[in-house]
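As structure tokens, the structure follows; a few thoughts come after it.
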Amino acid sequence: MQPEDAGEPMDRALLIGVSDYRFTKGPHAVPGELPAVENNVPVLREALVRAGVFAEEEITPLPSPDFAEAAQALQRVAREARGLLLVYFAGHGAIPSGGDELYLQLRDAQVFAGEHTVFNGAVSFSDLMGTVLATSRADRIVVLLDCCFAGNAARVWEHFEDKRRVVLLMSVQANHRIDAGDRNTPTPYTKNLAELLREEGATTVSRLAARLRERMAEQKRRTLRNEPWEPQLRADAGAEVTLGKNGPQVPLLTTAEGSGPAAADPAPGPSRPFPPGWRRDPSGTGLDEGRRPSRRILFRVVLPVLAALGMVGVGLYGPPGLAGGDDTHCAPPLELRVLTDPDLEETFRTAADAYLTSDANTTGGGCRRTGITVYSAGSSDVVEALRRHTDAWKEPGAGEVDPQRDIGPQPDVWIPGSRAEADRVLEEQDTDAVAELEPGESPLVYSPVVLAVPDHLAPEPLDEVTGRPLTGVIQALRVRAENVGVRRPDPEFTDSGLLATVGLYGDAAAVALGERLVEQPGPPSPTAGDLLCALPDDDAVDDRTAALVPEFLLVSGVDCEGSTRTPRSALYPADVPGMDPVFVRVRWDGGEADATARDAAAASFRDWLAGDGGREVFTRYGFREPGTRDPLDKNLKPGAVKYAPSPLDESAGQHEMEQALSAYQAYGGPGRVLFLLDSSGSMAGLWQGPSGGPGLLRQTLGGLGAEDEYGVWAVADTGDGPYETLLAFGRHARKDAEKAVDERARVRDASADPHAALLAAFDEMEERGEDGRPQLIVHITDGQHGASLRGGRLRDVLDRAESSRVPVTVAVLGGGGCDEGRPDQRIAEVSGGRCLDAGDDVGAALHDEIARIGTGDD
């Protein structure tokens, strides 16, 4: 901490760029030279000077130093700094096998790998931070890392007690390596960093981090693991730093509930001191010097298009002085933390921006009453944290559960995508929870979840399918185009995906059928906005794929407007609940110190959202009135979005959302498969070899794992019933299952009764399927059913197949068995399964079907 009698603040920067390495060959060498890094230091130095962050004489460039030289320079520069200290490193970064510590490799670096990895000539990030914090009395410390594994520094940063004055910018997320790029240009991260400094001049670190992530996303940068390249930020709550001499001089100072005195009304005036516990910094920046939070709050940055991670602060500063030109300043405004659903983040960030400069949030002296940080996190993670882990959210420990790390700081306001989410928390919240939720009586706005269909596939007129269940709408589309696909966002990450899943499932018994309707390669898109952005990556996919998304995105658009996408029209299923975000005030135990001020700030923002100010933003983004459900935009022209689609389903219920989420999560886990192997006399010529009945069954077992449950019935008249159990239902090692089939499966001199066997199979699966796990019946047969599957007997099986909703995949070992109207084809279609015959690669296709249900051979 800077002493009271410190002199004038002195800013210092140390720029280390290691492009040349002494040891690049041999068993202990680093990966190689980094010629691109040679460009980094001069380019960044010029940008920092042009942006007014430092004068030239305040910057120490250090190209390719060895360990001793870098250590001496770091101590000297850290000791001199009194105002802003910036430390930049570009070069090789390394982590030990199985460890989290980040090592920054200097010119003389060597790696000695054994039982314990030793990095010679490298400084660990822990030591770098220890040196800086022990040596420097700087008010603000910014550390910039441009190297492989830079994100691993975040975990080290989190364990430092004195990190309130330290902001950490990292080029990439943890455990990722990155490409240095063209040798004639700076590395991609530093190049973008320098360009942004030149373009924006004075800026805040949080904005800089957000813009860096935007740029890397726009440029479609990928790490060497072929994942999106996502720069990272770590800063303690309230530790916003302005870069540039002409930037705002009163940074955001967050008063965390229960951790310090209240921020009083921010009316300015010459006689008004800072609130108790705050002390003006000699630099005039107003940074927190006296306040010591009682707990650490992790402050993270995220972009609208990558809403899965953290937050972006908005409205960070009040006016630097009074209009009269005297030397007074506005006191730091109280900071309101608003957590929302990822699909709603952009809307509420825009609303917060508008509110911050509104009359409702401005005093007579021109100061802001409240600052607002809007961030988002996965919806199921938020619900679980508010239910079970509010204590860990308030006081993070050393355990695996850390909502501050995984979600963000404790919210003052939560705006879920549906009121049902708040009800889910309230119904099952721990009795010893330290967060109290108070949902508003009415939703703020409404947006139906629609099936956005490429225009050339949409039925004419659109009213033809409005009012049908979602599964019926999809089936109607597939009549028009057999290869039409349907996708939905991740039901665990955003409420729009979970609301769509409620309609897909209908009830727990329809899980498998619903999931088959939205099958796609790879994982689902995190948000509806991401989904609409991902589809144009492949024109063929875009042209034939419908998307389950909130209607407002078809009006407001998404953040990838540069992509040419297929025009879409909205279809309105009757059984998909809409989004109806509600304002939920969250109060934390121990927050009494500023409870009154925080309640007033939350109430003011809520009233503004419900009034003309919020209405203007919601209208622009394409929402509807929550009561009448008419569009807020009365000038909306009929087209892709209907003015008054009817019917619009009622709001979601908490139990149906809970049931849908549980079923979705269970569906991704261990499955159940019951094999029916036709063992009647007519199978004698289709029994031997890998393509025979038993051989085909053995091939499919690779799609099942140790946690999956399955059994095998031999379907033939045994005298005691329609089948014999070859393998009892349960968990099996693959070799044991194959041995049982080899030893016990045989052709009987008897007929088969698939009517009775299938009815018994449905009974078996229904009895076991109450937990919602994925299930499948596989019938391997020659299709010679005779009178067993005709007339009323076939109708019995079709009725049970439809009501049980357990898919039946039929593998017909012969030609024509899956022709339209044949019994096996009808059973598979009605149940939501598949019919495979000689026209297919039966072995491969059947293996794929099993793999969809199972967890894979271990």
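Within the model, atoms CG of L553 and OG of S496 stand 7.5 Å from one another, a figure rounded to the nearest 0.5 Å. Rounded to the nearest 0.5 angstrom, L535 CG and T566 OG1 are separated by 8.5 Å. How far CZ of R620 is from OG1 of T350: 6.5 Å, rounded to the nearest 0.5 Å. Put simply, CD on E656 and CG on L498 are 9.5 Å apart, with the number rounded to the nearest 0.5 Å. For the atom pair S379 OG and D490 CG, the distance stands at 8.0 Å (nearest 0.5 Å). In this structure, CZ in F762 is found 10.5 Å from CG in L674, a value given to the nearest 0.5 Å.
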Next on the checklist: Show, in sequence, the C-alpha distance, side-chain angles and deciding distance for T494 and D343, and conclude whether the side-chain hydrogen bond (donor to acceptor under 3.5 Å, both in side chains) test is met.
Outcome noted: CA-CA 7 Å; T494 183; D343 274 329; 2.8 Å; yes

Item to check | Stepwise side-chain hydrogen bond (donor to acceptor under 3.5 Å, both in side chains) check, D543 with H456 | outcome: CA-CA 8 Å; D543 286 344; H456 66 278; 5.5 Å; no

Item to check | Candidate pair R349 and E346, rule salt bridge (Lys or Arg N to Asp or Glu O under 4.0 Å), full reasoning | outcome: CA-CA 5 Å; R349 185 183 293 110; E346 183 180 348; over 6 Å; no

Checklist entry - Can F618 and T347 be said to form a side chain to side chain contact (heavy atoms under 4.5 Å, CB included), step by step? => result CA-CA 7 Å; F618 297 141; T347 300; 3.9 Å; yes

Checklist entry - Does the salt bridge (Lys or Arg N to Asp or Glu O under 4.0 Å) test come out yes or no for R568 and D542, once each step is laid out? => result CA-CA 10 Å; R568 284 180 164 78; D542 198 23; 2.9 Å; yes

Item to check | Stepwise side-chain hydrogen bond (donor to acceptor under 3.5 Å, both in side chains) test for D530 and T527 | outcome: CA-CA 5 Å; D530 291 336; T527 70; 3.1 Å; yes

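Residues V810 and L836 fail the side-chain proximity criterion, which asks for heavy atoms closer than 4.5 Å. By the 4.5 Å heavy-atom criterion applied to side chains, P448 and V450 are counted as neighbours. With contacts defined as side-chain heavy-atom distances shorter than 4.5 Å, the pair F623/D580 does not qualify. A 4.5 Å side-chain heavy-atom check between V549 and L531 finds at least one atom pair inside the cut-off. Annotation: side chain of R822 is not in contact with side chain of I827 (no heavy-atom distance under 4.5 Å). For the pair F552/V445, no side-chain contact is recorded, criterion being any heavy-atom separation below 4.5 Å from C-beta on. By the 4.5 Å heavy-atom criterion applied to side chains, L499 and M579 are counted as neighbours. V484 is listed as a side-chain neighbour of L477, based on a closest heavy-atom distance under 4.5 Å.
In this structure, D538 does not pair ionically with R544, as no charged nitrogen and carboxylate oxygen lie closer than 4.0 Å. Ion pairing between E829 and R826 fails under the 4.0 Å rule for side-chain N and carboxylate O. Contact check on E551 versus R624 returns a salt bridge, with a Lys/Arg side-chain nitrogen under 4.0 Å from an Asp/Glu carboxylate oxygen. Of the charged side-chain nitrogens involved, at least one lies within less than 4.0 Å of a carboxylate oxygen, so that R615 and E625 count as a salt-bridged pair. Between E230 and R213 a salt bridge is recorded (basic side-chain N to carboxylate O distance below 4.0 Å).
Closest non-hydrogen pair, A761 versus L676, comes out as CB-CD1, 4.1 Å. Nearest approach of R516 to P807, heavy atoms of both residues: CD-CG, 4.4 Å. Here the closest heavy-atom approach between residue I780 and residue L846 is recorded as CD1-CD2, 4.4 Å. Looking at every heavy atom in both residues, F493 comes nearest to P526 through CD2-O, 3.4 Å. A pairwise comparison of heavy atoms in Y505 and R488 identifies OH-NH1, 4.4 Å as the closest pair. The two atoms that bring T471 and L504 nearest to each other are CG2-O, 3.8 Å, heavy atoms only.
When only modelled atom types and interatomic distance are considered, D633 and T619 share no side-chain donor-acceptor pair under 3.5 Å. Side-chain polar atoms of S376 and E345 form a donor-acceptor pair below 3.5 angstrom.
Applying the ring-ring contact (aromatic ring centres under 6.0 Å, His included) test to Y355 and every residue at least two apart in sequence or in another chain returns F605, W608. Residues satisfying the salt bridge (Lys or Arg N to Asp or Glu O under 4.0 Å) criterion with R800, sequence neighbours excluded, are D763, E766.
Counting heavy-atom neighbours within 6.0 Å of R222 CZ, excluding the residue itself, gives a total above 12. Remark: N483 CG is packed, more than 12 non-hydrogen atoms of other residues, nucleotides or ligands lying under 6.0 Å away. A 6.0 Å sphere centred on CD of E802 holds no more than 12 heavy atoms belonging to other residues, nucleotides or ligands. Remark: E441 CD is loosely packed, at most 12 non-hydrogen atoms of other residues, nucleotides or ligands lying under 6.0 Å away.
The disulfide bond (SG atoms under 2.5 Å apart) contacts involving residues 799-829 comprise C818-C835, where partners must be two or more places apart or lie in separate chains.
Checked against the 6.0 Å centroid criterion, the rings of Y375 and F348 do not qualify as a close aromatic pair.
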